[in-house]
Amino acid sequence: MLDRSSLRERPEAVAEAIANRGADVDLEAILELDEQWRDRKARGDSLRHDRNEVSSRIGRLKGEGREEEAEEAIERSQSLKAEIETVEREAAELAEELEEAMLELPQIPDESVPVGESEDENVERRRWGFDDLRKLPEEVVPHYDLGEELDIIDEARGAKTSGAGFYFMKGEGARLEHALIQFMLSVHREQGYLDVVPPVPVNSESMRGTGQFPKFVEDAYRLGGANDEPYDDDDLWLCPTAEVPVTNMYADDILLGEDLPLKHQAYSPNFRREAGEHGTETRGIVRVHQFNKVELVNFVEPDESYDRLEGLLGEAEEVLRRLGLPYRILELCTGDLTFASAKTYDIEVWAPGDDLEDGPDEGGRWLEVSSASNFEAFQARRAGIRYRPEHHESADYLHTLNASGLALPRVVVAILEYYQNPDGTVTVPDPLREYMGTDRIEGHEAVGESALGEGE
RNA sequence: GCCAGGAUGGCCGAACGGUAAGGCGCACGCCUGGAAAGCGUGUUCCCUUUCGGGAUUCUGGGUUCAAAUCCCAGUCCUGGCGCCA
């Protein structure tokens with residue numbers, strides 16, 4: 001949420017920022033609402049002032065036994081009461097409308113963010129790992145085919161038990177997943193992160209705090225009730241990213257200056273309906289409804305958030321570097337920023353299995369495995385997360401940042417494709433071997449009748 | 001799930017229905033040769049250029065001229081009982 005007073009002070013700047021995002025917001029209407037609200041608020045305050053004076057006079061008169069005068073004052077107080085009720089009802093309605101409108105206003109991009117309309121105008125900052133590529137098979141088998149051959153990814157049975165977009169990891173696939181989780185957590189632990197296991201259901205209030213709600217209800221899985229039915233603050237939803245529970249851990253809290261920067265990492269499952277994405281990525285585990293992820297969340301002092309963003313990006317990248325997976329860094333343009341973000345870097349790993357048009361010259365495709373974002377005070381204001389710089393100073397909103405460190409299925413895809421050998425096995429990247437207990441994924445025999453008669 | 005008790009500023013903690021004591025911590029100032037002590041001021045949000053005003057005793061309703069205080073509903077915490085991976 002934006003700060004209302006800065007909205008009043010420089011509406012042109014806000015309007016321009018919103019236009020750069022390609023967002024459609026009636027700023028004029030919001031300013032008008034604010035104006036009206038302030039008017040009612042001032043009138044209500046002054047009426048209340050009058051009533052407070054009358055009230056204390058009643059107390060005094062009663063004390064002195066001057067009943068008649070007290071009676072008169074009581075009548076005056078009653079008529080004030082009625083007036084206050086009217087004015088304040090109006091004020092409350094306006095305030096609510098204003099609040100709703102403010103919740104739909106997107107974050108203002110940082111001035112360093114390149115202006116652009118869509119993801120096509122994101123700016124590539126650098127690549128890593130392409131100078132010294134591993135020798136790949138002639139034909140890299142895409143992860144979904146390889147996963148099926150090795151019987152380590154089972155999409156068919158996932159669809160059967162839960163629906164399209166859900167899948168089983170089996171055998172070395174499951175072990176690879178476990179190994180990656182342990183490995184990532186330990187990398188980030190070295191970087192000063194505190195491990196957190198968050199609750200998976202989160203309430204509507206939390207979803208609003210981080211900016212998922214009210215605009216993106218359709219992307220969430222609701223527990224009980226249909227998504228398009230009205231919801232209450234305490235209705236529950238499946239966690240779409242650990243950013244939600246972990247950031248909201250400190251909702252309505254006041255942290256101390258010496259607590260910051262606070263760095264938490266959380267491994268959790270993530271659930272996304274991917275509304276409007278049906279028909280894309282039907283095969284494989286690139287876009288699914290449930291996936292695991294290690295999430296990095298930072299709480300910092302406002303002055304430090306942009307330095308921290310660079311640091312956070314480095315911390316997330318470290319995972320890919322140690323795994324030896326080639327990747328690139330993009331700086332998102334204004335039109336591609338998410339709702340709450342003021343500046344975002346994407347980390348895209350190279351998956352050589354499927355040749356896509358917008359992939360690198362070496363072939364294959366890019367897969368987004370992390371977005372490192374600075375939300376400035378946008379989430380903090382919505383969720384009420386403040387800090388006290390010095391013990392005697394008043395509390396102020398802090399800045400929040402987060403990045404995936406990293407999203408697991410896409411890293412699995414990159415490993416299965418980039419570390420693939422000509423014989424159809426997959427070499428386990430060095431740092432994962434201690435967690436996997438093996439240096440090679442060889443797969444296993446599938447079970448069940450459906451495995452027969454494939455005609456080979 | 002049942003029963004009982006509770007929720008007041010950064011923390012602790014008072015307040016016959018009459019308009020939120022006091023203490024601690026922290027900061028600044030005064031005092032001091034310097035420090036301690038002492039004294040003073042400040043330490044939630046909103047409106048207001050200023051002056052000032054309003055709100056705020058967990059949340060939401062209600063009673064009343066007036067609610068921290070009384071009533072109703074809810075949330076969370078504590079204790080006891082029950083259940084339980």
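Since the structure is predicted, the reported quantities are computational estimates derived from the model, not experimental observations. Just so it is clear: chains get the letters A, B, ... in the order the sequence lines come, proteins before strands, and each one is counted from 1.
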Quiz item: Now, which nucleotide makes the Watson-Crick or G-U wobble pair with B:G10, with each of the two distances under 3.5 Å?
Solution: B:C24
Exercise. Give one of base, sugar-phosphate or nothing for A:R388, where a contact means two heavy atoms less than 4.0 Å apart.
Key: sugar-phosphate
Quiz item: Think A:N52 has a side-chain N or O under 4.0 angstrom from the OP1 or OP2 of B:G54?
Solution: yes
Self-check item: Distance below 4.0 Å between A:K41 side-chain N/O and B:A55 OP1 or OP2
Solution: no
Exercise. Tell which nucleotide pairs with B:U59, taking only Watson-Crick or G-U wobble pairs whose two distances are both under 3.5 angstrom.
Key: B:A73
Exercise. Look at A:R48 and B:A55 and indicate whether a side-chain polar atom (N or O) is within less than 4.0 Å of OP1 or OP2.
Key: yes
Quiz item: Phosphate oxygens OP1/OP2 of B:C47: is one of them under 4.0 Å from a side-chain N or O of A:R38?
Solution: no
Exercise. In whole angstrom, give the distance that lies between atom CD of A:E83 and atom C1' of B:C65.
Key: 15 Å
Quiz item: Do A:E304 and A:H399 touch side chain to side chain, with heavy atoms closer than 4.5 Å?
Solution: no
Quiz item: For A:I74 and B:G18, what is the distance between atoms CD1 and C1' respectively, to the nearest whole Å?
Solution: 11 Å
Quiz item: OP1 or OP2 of B:C65 less than 4.0 angstrom from a side-chain nitrogen or oxygen of A:R51, does that happen here?
Solution: no
Practice problem: Mind calculating the distance between CG (A:D252) and C1' (B:C76) to the nearest angstrom? | Solution: 13 Å
Quiz item: When rounded to the nearest Å, what value does the distance between P atoms of B:G22 and B:A14 take?
Solution: 15 Å
Self-check item: Selected nucleotide, minimal atom distance to A:S55 side chain, candidates B:A66, B:G54, B:U43
Solution: B:A66
Quiz item: Are A:E376 and A:K343 ion-paired here, with the side-chain N under 4.0 Å from a carboxylate O?
Solution: no
Exercise. May I have the distance from A:R4 (atom CZ) to B:C45 (atom P), rounded to whole angstrom?
Key: 15 Å
Quiz prompt | Salt-bridge contact A:E190-A:R322 (side-chain N to carboxylate O under 4.0 Å) | solution = yes
Quiz prompt | Short side-chain N/O contact to B:C47 OP1/OP2 from A:R8, under 4.0 Å | solution = yes
Practice problem: Take atom CD1 of A:I84 and atom C1' of B:U64, then tell me their distance rounded to the nearest Å. | Solution: 14 Å
Self-check item: Base-pairing assignment for B:A35 (Watson-Crick or G-U wobble, both under 3.5 Å)
Solution: none
Quiz prompt | For B:G1, the Watson-Crick or wobble partner whose two distances fall under 3.5 Å | solution = B:C81
Practice problem: Write down the distance separating the C1' atoms in B:G38 and B:C46, rounded off to the nearest Å. | Solution: 37 Å
Quiz item: Between B:G18 and B:G29, how far is it from one P atom to the other, in whole Å?
Solution: 42 Å
Quiz item: Can you tell me the Watson-Crick or wobble partner of B:A68, both distances under 3.5 angstrom?
Solution: none
Quiz item: If you find the nucleotide of RNA chain B closest to A:D234 and the one closest to A:R386, which residue's nucleotide is nearer the 5' end?
Solution: A:R386
Self-check item: Test item: A:L80 and A:R76 side chains (from C-beta on) under 4.5 Å apart, heavy atoms
Solution: yes
Practice problem: May I ask you to say whether A:R308 pairs ionically with A:E301, meaning some side-chain N is under 4.0 Å from a carboxylate O? | Solution: no
Quiz prompt | Nucleotide of B:C46, B:U43, B:C65 approaching A:Q78 most closely (side-chain heavy atoms) | solution = B:C65
Quiz prompt | Distance between C1' atoms of B:A4 and B:C84 (Å, rounded) | solution = 23 Å
Quiz prompt | Nearest-angstrom distance from the residue atom NZ of A:K81 to C1' of B:A67 | solution = 12 Å
Exercise. With C1' as the reference atom in both, quote the distance from B:A37 to B:U44 in angstrom, rounded to an integer.
Key: 31 Å
Exercise. Could you work out the separation of B:A27 and B:A21 based on their P atoms and round it to a whole Å?
Key: 25 Å
Quiz prompt | Whole-Å gap separating P (B:A67) and CD1 (A:I58) | solution = 11 Å
Exercise. Starting at atom CZ of A:R43, determine the distance to atom P of B:A55, rounded to an integer number of angstrom.
Key: 17 Å
Quiz item: Is there a donor and acceptor pair closer than 3.5 Å between the side chain of A:D45 and the base of B:G53?
Solution: yes
Quiz item: Can you check side-chain hydrogen bond (donor to acceptor under 3.5 Å, both in side chains) on A:N122 and A:Y345, steps first, answer last?
Solution: CA-CA 10 Å; A:N122 292 342; A:Y345 293 110; over 6 Å; no
Quiz item: Taking the C1' atom of each, how far is B:G23 from B:G5, in whole Å?
Solution: 26 Å
Quiz prompt | Salt-bridge present (A:R43, A:E90; N to O < 4.0 Å) | solution = no
Quiz prompt | Rounded distance in Å between the C1' positions of B:C30 and B:C76 | solution = 45 Å
